[in-house]
Amino acid sequence: MQDVEALVVSHYRSSLVERIRANGGTLEAGNLKVKLAKEFGFCYGVERAIDLAYAARRYFPPPTRIFLLGEIIHNPEVNEQIRNMGVVSLAARPTADELARLAADDVVIIPAFGTEVATRRKLEEKGCILVDTTCGDVMSVWKRVRQYSKEAVTSIIHGKAKHEETKATTSQATANGTGHYLVVYNLEETDYLCDYILNGGDREVFLARFKRACSPGFDPDLHLRSVGVANQTTMLRGETEEVQRRIRRAMEQKHGGEALGGHFRYFDTICGATQERQDALHRLLQEPLDLLLVVGGYNSSNTSHLAEMGEKQLPTFFIKNAAKMESDHLIRHWNQHLGREEETRDWLPERPLIVGITAGASCPNNLIEDAIRRLFELRGVALQTLLPDAGEPPV
Ligand code: SF4
């Protein structure tokens with residue numbers, strides 16, 4: 001593992017980022033100042049998942065076949081690197097054809113967000129060798145929802161129903177054959193749920209609204225009597241707290257304060273790394289900034305929440321790599337509300353600017369370095385003149 005860790009570090013580290021960090025997180029040249037958030041980039045769970053994927057390739061050299069369920073993490077560059085090692089991607093929930101092509105002794109890597117119970121079972125039945133990189137923080141959520149199910153408490157999960165992690169978590173809620181779950185995405189859905197808890201409503205309309213976000217056989221008239229709230233590990237902390245507050249209030253109104261313990265449970269399952277990155281950005285946003293760059297994969301949940309925090313306060317550009325800064329007149333960036341990239345023109349005005357930078361837990365430092373370099377390049381400043389040996393290859 002030590003050899004592999006060194007290799008991973010050499011692929012993804014950035015001596016420039018380390019030096020800016022050592023310099024208090026700022027870098028200034030001409031009329032441009034860059035400020036980095038105190039915490040950003042790779043989290044412990046992502047580092048471990050990548051290390052294990054590299055180790056798997058080394059431990060099982062060709063001709064052993066290695067497959068990966070979906071993506072190791074939500075970052076296109078990192079996934080490309082894993083593919084370049086000869087690891088073949090399968091769907092996160094492999095198709096029947098993909099399963100049929102797998103043989104005993106094939107190696108299958110389970111990504112950091114985990115996999116669904118049924119998928120794991122099928123791979124075990126095939127006799128595949130599983131390299132499980134599921135993050136410990138994700139497994140803590142699983143433990144919680146399994147406990148809810150055991151006690152006939154319906155899991156209300158604040159998360160994105162389509163996200164791999166939430167799919168894996170909901171499969172844990174139903175693994176015992178009797179448990180139920182409902183996934184709420186935002187406060188609007190939470191309010192709708194609370195209104196149903198308090199006043200009832202049209203069962204069919206409710207089920208249509210949560211069609212792909214509740215357990216098979218879920219009945220809102222039966223399965224909302226005792227609920228336990230948990231969350232996808234990478235949600236926005238403030239929103240998750242508000243979701244649980246509103247559901248708690250509804251259950252208290254419905255059943256009375258004294259009986260609340262029998263009808264409502266809550267465990268905060270936001271992971272430490274997500275929390276640290278959100279807190280660090282919150283602090284950065286207290287400082288004077290003209291614009292914010294958020295670097296990371298567009299399908300990364302924790303990164304999209306960082307962008308959401310920024311856009312409430314100042315012009316925020318969510319980019320997956322430095323190439324998206326085409327010129328000082330044009331940037332292509334992800335609009336998560338519309339689910340597509342859009343263009344903004346004249347995004348980097350000539351006047352003195354302070355640019356904040358952060359990145360999600362799945363973004364390696366070398367991509368952050370690329371973004372910093374590009375920013376200064378657009379200002380006509382070569383970083384070599386600023387940090388004379390910044391261009392040296394990583395050690
Ligand atoms: S974001 Fe949190 S839950 Fe996800 S891999 Fe990182 S530490 Fe684990």
Side-chain angles (χ1 to χ4, degrees), residues 5 8-9 12 37-56 68-79 81-82 92 109-116 131-146 155 157-173 183 229-241 267-282 294-309 318 320 336 358-365 367-368:
E5 279 166 20
V8 173
V9 165
Y12 300 117
K38 276 250 157 33
E39 297 291 339
F40 58 82
F42 275 3
C43 61
Y44 42 85
V46 157
E47 276 177 2
R48 179 176 163 276
I50 297 171
D51 287 351
L52 284 170
Y54 275 62
L68 168 67
L69 295 180
E71 300 182 314
I72 188 78
I73 58 168
H74 285 149
N75 187 285
E77 276 77 8
V78 176
N79 287 307
Q81 189 88 42
I82 301 280
I109 301 173
I110 297 174
F113 353 86
T115 192
E116 293 169 87
V131 175
D132 188 353
T133 79
T134 309
C135 178
D137 285 24
V138 173
M139 287 199 265
S140 300
V141 190
W142 294 358
K143 190 171 151 208
R144 194 54 60 196
V145 300
R146 278 202 304 263
S155 295
I157 297 160
H158 176 223
K160 298 174 179 170
K162 287 188 192 155
H163 191 282
E164 296 95 319
E165 180 193 316
T166 297
K167 284 184 177 171
T169 299
T170 56
S171 75
Q172 295 285 334
V183 182
V229 179
N231 39 263
Q232 189 180 317
T233 54
T234 50
M235 298 306 276
L236 204 53
R237 160 58 59 89
E239 189 175 75
T240 277
E241 286 172 349
F267 284 93
D268 177 356
T269 50
I270 296 275
C271 79
T274 295
Q275 185 58 53
E276 283 166 11
R277 280 149 190 71
Q278 290 177 9
D279 288 348
L281 177 57
H282 180 73
V294 179
V295 189
Y298 294 159
N299 54 352
S300 161
S301 170
N302 76 89
T303 315
S304 65
H305 291 308
L306 296 175
E308 210 178 318
M309 286 173 70
F318 180 1
K320 67 178 175 186
Q336 56 182 306
T358 188
S362 46
C363 183
N365 277 359
L367 292 187
I368 300 161

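Each ligand, and each atom within it, is numbered from 1 in the order the structure gives.
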*Asks:* Rounded to the nearest 0.5 Å, what separates atom OG1 in Thr115 from atom CG in Leu69?
*Replies:* 5.0 Å
*Asks:* Flag the pair Arg237 and Asp279 as a salt bridge only when some basic side-chain nitrogen lies within less than 4.0 angstrom of an acidic carboxylate oxygen.
*Replies:*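 Asp279 and Arg237: not salt-bridged.
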*Asks:* Does any N or O in the side chain of Asn79 come within less than 3.5 Å of the main-chain N or O of Ile73, such that one atom is a donor and the other an acceptor?
*Replies:*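 A pair under 3.5 Å: yes.
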*Asks:* From Thr134 OG1 over to Arg48 CZ, what is the distance, rounded to the nearest 0.5 angstrom?
*Replies:* 7.5 Å
*Asks:* With a 3.5 Å distance limit and no angle check, can you tell me whether Arg277 reaches the backbone of Ala359 through a side-chain donor-acceptor pair?
*Replies:*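 Absent.
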*Asks:* Scan for salt bridge (charged side-chain N to carboxylate O under 4.0 Å, His left out) pairs involving residues 132-141, sequence neighbours excluded, and state none if there are none.
*Replies:*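 Every salt bridge (charged side-chain N to carboxylate O under 4.0 Å, His left out) pair that includes a residue of residues 132-141, provided the two are not neighbours, is Arg120-Asp132.
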*Asks:* Under 2.8 Å from atom 2 (Fe) of ligand 1, which protein N, O or S atoms are there? Could you list them by chain and number?
*Replies:* Cys271 SG
